[in-house]
A.B. asks: 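Pasting a structure here, questions to come.
Being a predicted model, the structure only gives us computed values, none of them experimental. So that the names make sense, note that chain A is the first sequence line, chain B the second, and so on, each numbered from 1.
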There are 2 protein chains.
Amino acid sequence: MLSKKTKYGLKALTYLASQSKREPVQISEIARHENISQKFLESILLTLRKAGFLGSKKGKGGGYYLLKDPSEIPMTTVIRVLEGPIAMVPCVSLNFYEKCDDCPDENKCAVHKLMLQVRDSVLQVYRNNTLADLITE
Amino acid sequence: MLSKKTKYGLKALTYLASQSKREPVQISEIARHENISQKFLESILLTLRKAGFLGSKKGKGGGYYLLKDPSEIPMTTVIRVLEGPIAMVPCVSLNFYEKCDDCPDENKCAVHKLMLQVRDSVLQVYRNNTLADLITE
DNA sequence: TTTTATCCTATAGTTTTACTAGATTTATTA
DNA sequence: TAATAAATCTAGTAAAACTATAGGATAAAA
């Protein structure tokens with residue numbers, strides 16, 4: 001299951017990406033438009049800013065804005081920041097690899113064999129989509 | 001992330017599938033061979049039996065055994081029983097569909113658009129693999 | 001200096017996960 | 001038929017993760 005954090009984060013990012021002008025948008029506006037708790041969204045946007053996706057401006061007329069063009073933001077990086085590893089098990093993760101302590105031999109492990117395929121196919125989808133591809137209209 | 005329940009369940013199923021004879025195997029043997037807590041495995045095997053994958057025999061010489069040929073058991077059904085919905089969000093689930101209450105129009109939702117693709121690609125992998133395909137050697 | 005808005009830390013409630021304990025039931029076998 | 005081996009059932013729980021909220025600090029603009 002996708003966490004609410006990831007879901008809301010994606011919605012906020014696409015809302016910012018769909019903006020005609022690249023000017024700061026207030027948290028309250030995003031929260032209202034996407035039906036998200038403002039306080040929760042606040043912490044999510046902070047994560048996205050620290051990860052380098054967003055810039056922010058304080059004070060009146062402040063808010064959040066995208067730092068890059070939406071077509072330059074692949075889903076792989078967004079998902080990894082919001083949701084964590086793309087792989088379903090650490091032993092098939094590219095960026096967060098960890099050996100299973102219950103498994104003597106990965107090459108003979110059925111779970112490993114299956115999840116390698118899942119990882120590859122999911123990765124292909126995420127690599128194939130940038131933020132720009134998710135904007136409708 | 002894949003739950004331990006699913007991971008252990010898959011391992012237990014492949015262990016049973018790799019058996020040369022289709023005779024009852026004791027929980028303790030599976031637990032020992034796959035490094036799984038016996039009590040936890042017990043509840044997992046119960047789930048698999050109730051779902052129709054396994055049969056059981058009580059008393060001495062009892063245990064669990066596969067009811068079908070491994071090639072007749074697709075991963076889609078196994079994963080749905082152990083892990084639940086394959087879709088990452090309920091609004092793209094085939095078997096467990098639910099509308100998001102924060103989302104006025106699914107067709108304009110970025111999360112929906114992306115997760116539809118993820119669901120399709122993951123489904124393809126699970127449909128392409130039966131229990132028989134996971135056995136090595 | 002007042003208003004507006006982000007920044008930051010803490011924390012509370014809920015749900016899920018991963019297991020454990022122990023009593024019960026059933027089937028074999030001596 | 002009594003003993004024993006083995007599965008079943010019920011219940012509970014500790015820890016972690018997730019979701020959300022509170023409250024004040026900080027910074028910028030008017």
A.B. asks: Quickly work out the A/Glu29 CD to C/dT6 P distance and round it to whole Å.
C.D. replies: 11 Å
A.B. asks: How close or far is atom C1' of C/dT6 from atom CG of A/Leu48, stated in whole angstroms?
C.D. replies: 15 Å
A.B. asks: What distance separates B/Ser93 OG from B/Arg119 CZ, expressed to the nearest 0.5 Å?
C.D. replies: 8.0 Å
A.B. asks: Rounded to the nearest angstrom, tell me the gap between atom CD1 in B/Ile36 and atom C1' in C/dT20.
C.D. replies: 16 Å
A.B. asks: Thinking salt bridges, do B/Glu29 and B/Arg32 make one under a 4.0 Å N-O criterion?
C.D. replies: no
A.B. asks: Describe, in one word, how the ring planes of B/His33 and B/Tyr15 are oriented to each other, choosing from parallel (under 30°), tilted (30 to 60°) and perpendicular (over 60°).
C.D. replies: tilted
A.B. asks: Please report the distance, rounded to the nearest Å, between CG in A/Leu46 and P in D/dT21.
C.D. replies: 17 Å
A.B. asks: Send over the distance from A/Asp102 CG to C/dA18 C1', rounded to a whole Å.
C.D. replies: 13 Å
A.B. asks: To the nearest 0.5 Å, how far apart are CG in A/Leu114 and OG1 in B/Thr14?
C.D. replies: 10.5 Å
A.B. asks: Would you tabulate the pairs of protein nitrogen or oxygen atoms and nucleotide nitrogen or oxygen atoms of nucleotides 26-30 of chain D closer than 3.5 angstrom?
C.D. replies:
residue: D/dA27; atom: O4'; partner: A/Lys58; partner atom: NZ; Å: 3.2

A.B. asks: Taking atom CD of B/Glu106 as the centre, report whether more than 12 heavy atoms of other residues, nucleotides or ligands fall under 6.0 Å from it.
C.D. replies: yes
A.B. asks: Atom CD of A/Gln38 and atom C1' of C/dT6: how far apart are they, to the nearest Å?
C.D. replies: 11 Å
A.B. asks: Check the interface with nucleotides 15-19 of chain D: list each N/O to N/O pair with the protein under 3.5 Å, or write none.
C.D. replies:
residue: D/dT19; atom: OP1; partner: A/Lys4; partner atom: N; Å: 3.1
residue: D/dT19; atom: OP2; partner: A/Lys4; partner atom: N; Å: 3.2

A.B. asks: How would you list, by chain and number, every residue that makes a salt bridge (charged side-chain N to carboxylate O under 4.0 Å, His left out) with A/Glu72, sequence neighbours excluded?
C.D. replies: none
A.B. asks: How many angstroms lie between atom CZ of B/Arg80 and atom OG1 of B/Thr6, to the nearest 0.5 angstrom?
C.D. replies: 13.5 Å
A.B. asks: Working to the nearest 0.5 Å, report the span between OG1 of A/Thr130 and CD1 of A/Ile73.
C.D. replies: 8.0 Å
A.B. asks: Using whole Å, report how far CD1 of B/Ile44 lies from P of C/dA18.
C.D. replies: 9 Å
A.B. asks: Mind listing the N/O atom pairs, protein and nucleotides 21-24 of chain C, below 3.5 Å?
C.D. replies:
residue: C/dG22; atom: O6; partner: B/Lys39; partner atom: NZ; Å: 2.5

A.B. asks: When all nucleic acid strands are considered with a 4.0 Å heavy-atom cut-off, which category describes A/Leu45: base, sugar-phosphate, or nothing?
C.D. replies: nothing
A.B. asks: Which pairs with one or both residues in residues 91-129 of chain B pass ring-ring contact (aromatic ring centres under 6.0 Å, His included), sequence neighbours excluded?
C.D. replies: none
A.B. asks: Once you apply a heavy-atom cut-off of 4.0 Å, does A/Lys7 come out as touching a base, just sugar-phosphate, or nothing?
C.D. replies: nothing
A.B. asks: Quick one: which of D/dC9, D/dA7, C/dC8 gets closest to the side chain of B/Gln26?
C.D. replies: D/dA7
A.B. asks: What's the spacing between A/Thr136 OG1 and B/Asn107 CG if we round to 0.5 Å?
C.D. replies: 9.0 Å
A.B. asks: I want to check one thing: is the phosphate of C/dT20, taken as OP1 and OP2, less than 4.0 Å away from some side-chain N or O of B/Ser37?
C.D. replies: yes
A.B. asks: Quick one: which residue pairs count as a salt bridge (Lys or Arg N to Asp or Glu O under 4.0 Å) with a foot in residues 82-102 of chain B, not counting sequence neighbours?
C.D. replies: A/Lys7-B/Asp102, A/Lys11-B/Asp102
